[in-house]
Amino acid sequence: MKFGGSSVAGAERLGRVADRVLAARNLRPCVVVSAMGRTTDALFAAAHAARDGDVDTALATVAPVLGHAEATAGELLGGADARATAAIAAVRDELHVLLRGVAMLRELTPRTTDTIVAYGERLTTLLLAALLAQRGAAVAHVDARRFLRTDARFGHARPQREAIAALVAEHVAPQLDAGRIVVTEGYVGATAEGHTTTLGRGGSDWSASLLGAALRADEVQIWTDVEGVLTADPRLVPEARPIPVLSPAEAAELAAFGAKVLHPATMQPAVDAGVPITVRDTQRPEGAFTTIDPRGGGRRQGVAALAMRGPVTVLTMTSTRMLATSGYLAQLFAAFGALDICIDLVVTAEVSVACTVEPDAPLDRLVAALAGLARVDIARDRAIVAAVGEGLRDAPGVVERACRALSPTNPELLCFGGNDRNLSLVVPREHAAAALQRLHAEFFPAEPARRAARNPAHAGAVGRPLEAQS
Ligand code: ADP
Ligand code: ASP
Ligand code: MG
């Protein structure tokens with residue numbers, strides 16, 4: 001059972017998490033938690049202030065985080081839990097030493113950053129473990145660094161699954177076998193030398209899946225603040241609705257194209273182990289939820305959901321040398337590889353290639369490296385709007401309907417057919433939300449009962465040029 005940042009933000013919510021866990025007691029739950037609310041953001045901000053030599057700001061930035069943890073402990077545990085209070089005080093001391101050290105040196109390495117930000121998850125485990133114990137459960141806090149072995153790519157470390165399987169068997173399974181509820185940190189791991197690492201933002205979902213796979217769990221439950229994976233991000237499309245079943249490939253594709261509800265790497269470990277993933281709402285446990293079925297999809301054909309990601313930068317590389325030569329694309333993309341620039345979407349035409357890259361890619365260096373090979377035109381502030389679903393390539397009329405929904409505006413770039421489950425459209429970023437809403441209205445038309453409640457502003461938006469809506 002993994003509980004995300006909003007699910008554990010504050011005493012009341014942590015209380016509800018404890019209810020969920022205790023209700024599942026007979027299933028021998030292993031619980032993975034994120035940092036509370038915006039704690040991770042605050043820890044990054046404090047580390048950056050310290051790097052800039054501003055120790056006062058750094059300490060002032062972590063103060064509310066620690067204050068909140070103390071207040072939560074007081075409220076939840078009646079202030080009587082001396083161990084939790086002492087543990088929070090120890091976190092405070094350690095963070096202060098680290099931040100002062102960074103400020104003194106004015107140097108912040110990725111390794112130090114990971115050590116600092118990992119305290120967010122630690123605060124949650126210590127509160128939840130204390131709460132479960134107070135409610136009479138047998139609980140074991142197992143530090144994630146004891147079993148979540150990773151490489152040393154600090155900030156986006158890659159898990160080492162064989163080592164994790166052995167370490168989980170050694171440190172986690174015996175606790176569960178002894179009838180204890182295990183509580184551990186998401187997002188956090190360690191190298192073989194014991195240096196703290198993190199899996200990248202949103203990585204707690206991935207932790208849960210790695211742990212679920214290693215334990216051969218019956219199910220990996222991702223508890224969050226929405227009723228499963230919806231047909232679009234509800235913050236952008238309020239009428240988005242829950243999807244009962246997704247294939248792992250659909251879920252991974254959605255996550256890669258911006259659906260923040262799951263970290264894109266979450267699916268693989270669980271699927272490899274044949275473990276289903278469910279996405280559930282902590283506030284509404286009886287409500288709708290999504291099952292990601294490791295045996296795949298194949299139930300329907302067409303658009304399952306929409307996602308949006310941006311900003312991205314579109315590069316158009318033009319050269320007459322491309323005409324009827326072999327090996328040209330290899331030369332072009334070698335320059336991207338040398339600069340560690342990831343290419344996302346690619347489309348080629350007779351003498352040009354267009355692709356999307358992350359907005360922070362080192363484009364000056366790329367343009368210099370491509371001098372003599374191609375002229376590069378750069379279009380910043382674009383976004384990718386993607387429709388995802390098994391069998392999309394063969395679903396009748398999908399491209400036509402998508403383009404009609406955006407009409408009269410054309411997508412700047414259209415990628416289709418690269419696999420069987422993705423249609424990606426690139427639009428100016430300021431038009432992306434409107435484009436998403438119009439695609440949603442096309443592929444998920446409101447049911448009659450919903451139509452009356454539909455936002456009139458949104459209904460009116462359909463059919464006008466995208467430019468006129470933003
Ligand atoms: P947690 O802290 O529990 O990990 P996140 O904030 O990382 O939660 O992810 C949940 C959020 O993902 C939702 O509040 C929602 O706004 C966003 N989201 C984006 N796309 C989707 C989608 N297709 N379905 C559901 N939620 C989505
Ligand atoms: N706390 C981490 C983050 O904010 C990991 C997570 O929430 O999954 O990115
Ligand atoms: Mg998340």
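When reading the values below, keep in mind they use all heavy atoms of this one structure, side chains included, and skip hydrogens, waters and symmetry mates. As the structure lists them, so they are numbered: ligands from 1, and atoms in each ligand from 1.
A salt bridge links Glu12 and Arg16; the closest N-O separation between the charged side-chain nitrogens and carboxylate oxygens is under 4.0 Å. Classification of Glu94 and Arg122 as a salt-bridged pair fails, no side-chain N sitting under 4.0 Å from a carboxylate O. Lys260 and Asp205 are not joined by a salt bridge, as no carboxylate oxygen comes within less than 4.0 angstrom of a charged side-chain nitrogen.
At least one N or O atom of Gly202 sits closer than 3.5 Å to an N or O atom of ligand 2. Taking only nitrogen or oxygen atoms, main chain and side chain alike, Lys260 reaches within less than 3.5 Å of ligand 1. When only interatomic distances are considered, the shortest N/O to N/O separation between Arg235 and ligand 1 falls below 3.5 Å. The distance criterion of under 3.5 Å between nitrogen or oxygen atoms is not met by Thr231 with respect to ligand 1. For ligand 2, the polar-atom distance check finds no N/O of Tyr187 at less than 3.5 Å from any of the ligand's N/O atoms. For ligand 1, one of its N or O atoms has an N or O atom of Gly5 under 3.5 Å away. The shortest N or O to N or O distance between Glu121 and ligand 2 is under 3.5 Å.
For the pair Ala232 and ligand 1, a heavy-atom separation below 4.0 Å is found. A heavy-atom separation below 4.0 Å is not found between Gly5 and ligand 2.
The protein atom (non-hydrogen) at minimum distance from atom 15 (C) of ligand 1 is Asp233 OD1, 3.5 Å. Protein heavy atom nearest atom 9 (O) of ligand 1, with residue, atom name and distance: Val261 CA, 3.5 Å. Of the protein's non-hydrogen atoms, the one nearest atom 6 (C) of ligand 2 is Ser204 OG, 3.4 Å.
Atom numbering of ligand 1 starts at 1 in the shown order; those under 4.0 Å from a heavy atom of Leu230 are 22 (C), 23 (N), 24 (N), 25 (C). Proximity to Gly228 (heavy-atom distance under 4.0 Å) selects the following atoms of ligand 1: 25 (C). Using a 4.0 Å cut-off to heavy atoms of Ser34, the atoms of ligand 2 that qualify are 6 (C), 7 (O), 8 (O). Atoms of ligand 1 found under 4.0 Å from any heavy atom of Asp225 (numbered from 1 in listed order, with element): 10 (C), 11 (C), 13 (C), 14 (O). Atom numbering of ligand 2 starts at 1 in the shown order; those under 4.0 Å from a heavy atom of Arg201 are 3 (C), 4 (O), 9 (O). The Thr224 neighbourhood of ligand 1 comprises atoms 1 (P), 3 (O), 8 (O), 10 (C), with distances under 4.0 Å to a heavy atom of that residue.
A distance-only check finds no donor-acceptor pair linking the side chain of Ser407 to the backbone of Cys403 [under 3.5 Å]. Not one N or O on the side chain of Asp114 forms a donor-acceptor pair closer than 3.5 Å with the backbone of Phe154. Under a 3.5 Å cut-off, the side chain of Arg158 and the backbone N or O of Asp151 do not form any donor-acceptor pair. For the pair Glu250 (side chain) and Glu390 (backbone), a donor-acceptor distance under 3.5 Å is present. The backbone N or O of Tyr187 lies less than 3.5 Å from no partner atom in the side chain of Thr198, so there is not a single donor-acceptor pair.
Ile222 is listed as a side-chain neighbour of Val220, based on a closest heavy-atom distance under 4.5 Å.
A donor-acceptor pair shorter than 3.5 Å can be found between the side chains of Thr196 and Arg145. Side-chain contact annotation: Thr291 with Asp293, donor-acceptor N/O pair under 3.5 Å absent.
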Point to revise | Steps toward side-chain hydrogen bond (donor to acceptor under 3.5 Å, both in side chains) verdict (Arg111, Thr109) | key: CA-CA 5 Å; Arg111 186 167 128 184; Thr109 61; over 6 Å; no
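Only the side chain of Lys2 comes within 4.0 Å of ligand 1, counting heavy atoms alone; its backbone N, CA, C and O stay farther away.
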